[in-house]
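Report on the following structure.
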2 protein chains.
Amino acid sequence: MVLKVRPKVQALPGCPMSKCMGLLGGLWTPELLWALSNGPRRFSELRRDCPYISAKVLTSRLRDLEQRGVLTRAVMPTSPPTVEYGLTALGEDLLPAIRSIVEVGSRLLLKDGPPATD
Amino acid sequence: MVLKVRPKVQALPGCPMSKCMGLLGGLWTPELLWALSNGPRRFSELRRDCPYISAKVLTSRLRDLEQRGVLTRAVMPTSPPTVEYGLTALGEDLLPAIRSIVEVGSRLLLKDGPPATD
DNA sequence: CTGTATCCCCGTGGATACTG
DNA sequence: CAGTATCCACGGGGATACAG
């Protein structure tokens, strides 16, 4: 048998769907990649982009994505430390899916979501 | 304030990304929608489509998606009960995102994933 | 065939406090 | 500024057994 223990984050290894979802799974991951799609951003900027994320979770997601080769982490040796996160080639590869998700979500919000005009 | 308790499955209510991800979040959800994109399927067929899913989880995901209006559940009054699940209009709306995810995943598998033939 | 009912594991995510 | 360190809650997901 191929699978005694699944990665838990990946339903079906070898499956395109799972391959991609394993990368952008996690509550905040898509938001982060979306934020980074406009160019590199710093830790505090990402916190502002994801208002309700905690520092711990942000760090762990960031580390995770870095380890998976989705993004890069660059520490600038400035007096107050400055860190910039940016997408790798792999991270860029994910953008079409991200964009598609955003598009679909936008359409759904227009439909059932009351415009709310606010 | 707006958010004491978040739905947990939706990072930022009102955000297109979260709107969409809230629907196709969950380990097996995308796989199920993908399986249903070819037309209605029965419970046992879905089990075969997702080899490692348990009956409990399959049921709960199915019920969840039904309640969210993503799919329909039709019980055929046959001697051995037969149940067919199919996508609703909302479910179909999600397909572009699903397809995009599959495409991205396929490309990723081609790149880093050695054919492995296993 | 199509589920239910339990029980349990564990990872994600959150809150808070502290640090170089 | 950019994290670490704890501790905790929750729910998803899994295994197994049973049921209409």
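Within every chain, numbering begins at 1; the chains are lettered A, B, ... in the order of the sequence lines, protein sequences first and strands thereafter. A quick note: this is a predicted structure, and the numbers were derived from the prediction, not measured.
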| message | Let me confirm one number: the CD1-CG distance from I101(B) to L24(B), rounded to the nearest 0.5 Å. | response | 5.5 Å

| request: Can you tell me the distance, in whole Å, between the CZ atom of R42(B) and the P atom of dG3(C)? | output: 10 Å

| said: Salt bridge or not between D93(A) and R107(B)? Use side-chain N to carboxylate O under 4.0 Å. | reply: no

| request: Considering just the side-chain nitrogens and oxygens of R48(B), establish if one lies under 4.0 Å of OP1 or OP2 belonging to dC1(C). | output: no

| message | If I take atom OH in residue Y85(B) and atom C1' in nucleotide dC1(C), what distance separates them, rounded to the nearest angstrom? | response | 11 Å

| Reference residue L65(A); test side chain to side chain contact (heavy atoms under 4.5 Å, CB included); the match among L36(A), V70(A), L90(A) | V70(A)

| field | Atom-to-atom span, CZ of R73(A) to P of dC1(D) - whole angstrom | value | 16 Å

| said: Nearest to the P80(B) side chain among dT4(D), dG13(D), dC1(C), which nucleotide is it? | reply: dC1(C)

| Could you give the CG-to-P distance, from L62(B) to dG3(C), as a whole number of Å? | 7 Å

| query | So, is T59(B) close to the dT2(C) phosphate, meaning a side-chain N or O under 4.0 Å from OP1 or OP2? | reply | no

| Out of curiosity, L58(A) CG to F43(A) CZ, how far, rounded to the nearest 0.5 Å? | 4.0 Å

| task | Would you classify R47(B) as touching base, sugar-phosphate or nothing, given that sugar-phosphate means primed atoms plus P, OP1 and OP2, and contacts are heavy atoms under 4.0 Å? | result | nothing

| field | Atom-pair distance (CD on E31(B); P on dG12(D)), nearest Å | value | 18 Å

| note | With the side chain defined as heavy atoms from C-beta on, L27(B) is closest, among dG13(D), dT4(C), dT4(D), to dG13(D)

| remark: Per atom distances to the K56(B) side chain, the nearest of dA15(D), dT4(C), dC1(C) is dA15(D)

| request: Name the nucleic acid region contacted by R61(B), choosing base, sugar-phosphate or nothing; use a 4.0 angstrom heavy-atom cut-off, strictly under. | output: sugar-phosphate

| Given DNA chain D, 5'-ward residue of the pair A55(B) and E45(A), judged by closest heavy atom | E45(A)

| In whole Å, what is the span from the CZ atom of F43(A) to the C1' atom of dT19(C)? | 14 Å

| remark: note: W28(B), atom CH2; dG11(D), atom C1'; distance rounded to Å ~ 17 Å

| message | With no hydrogens and no angle check, just 3.5 Å: does a side-chain donor-acceptor pair link S18(B) and E31(A)? | response | yes

| field | Length of the CD1-C1' vector between I53(B) and dA15(D), whole Å | value | 14 Å

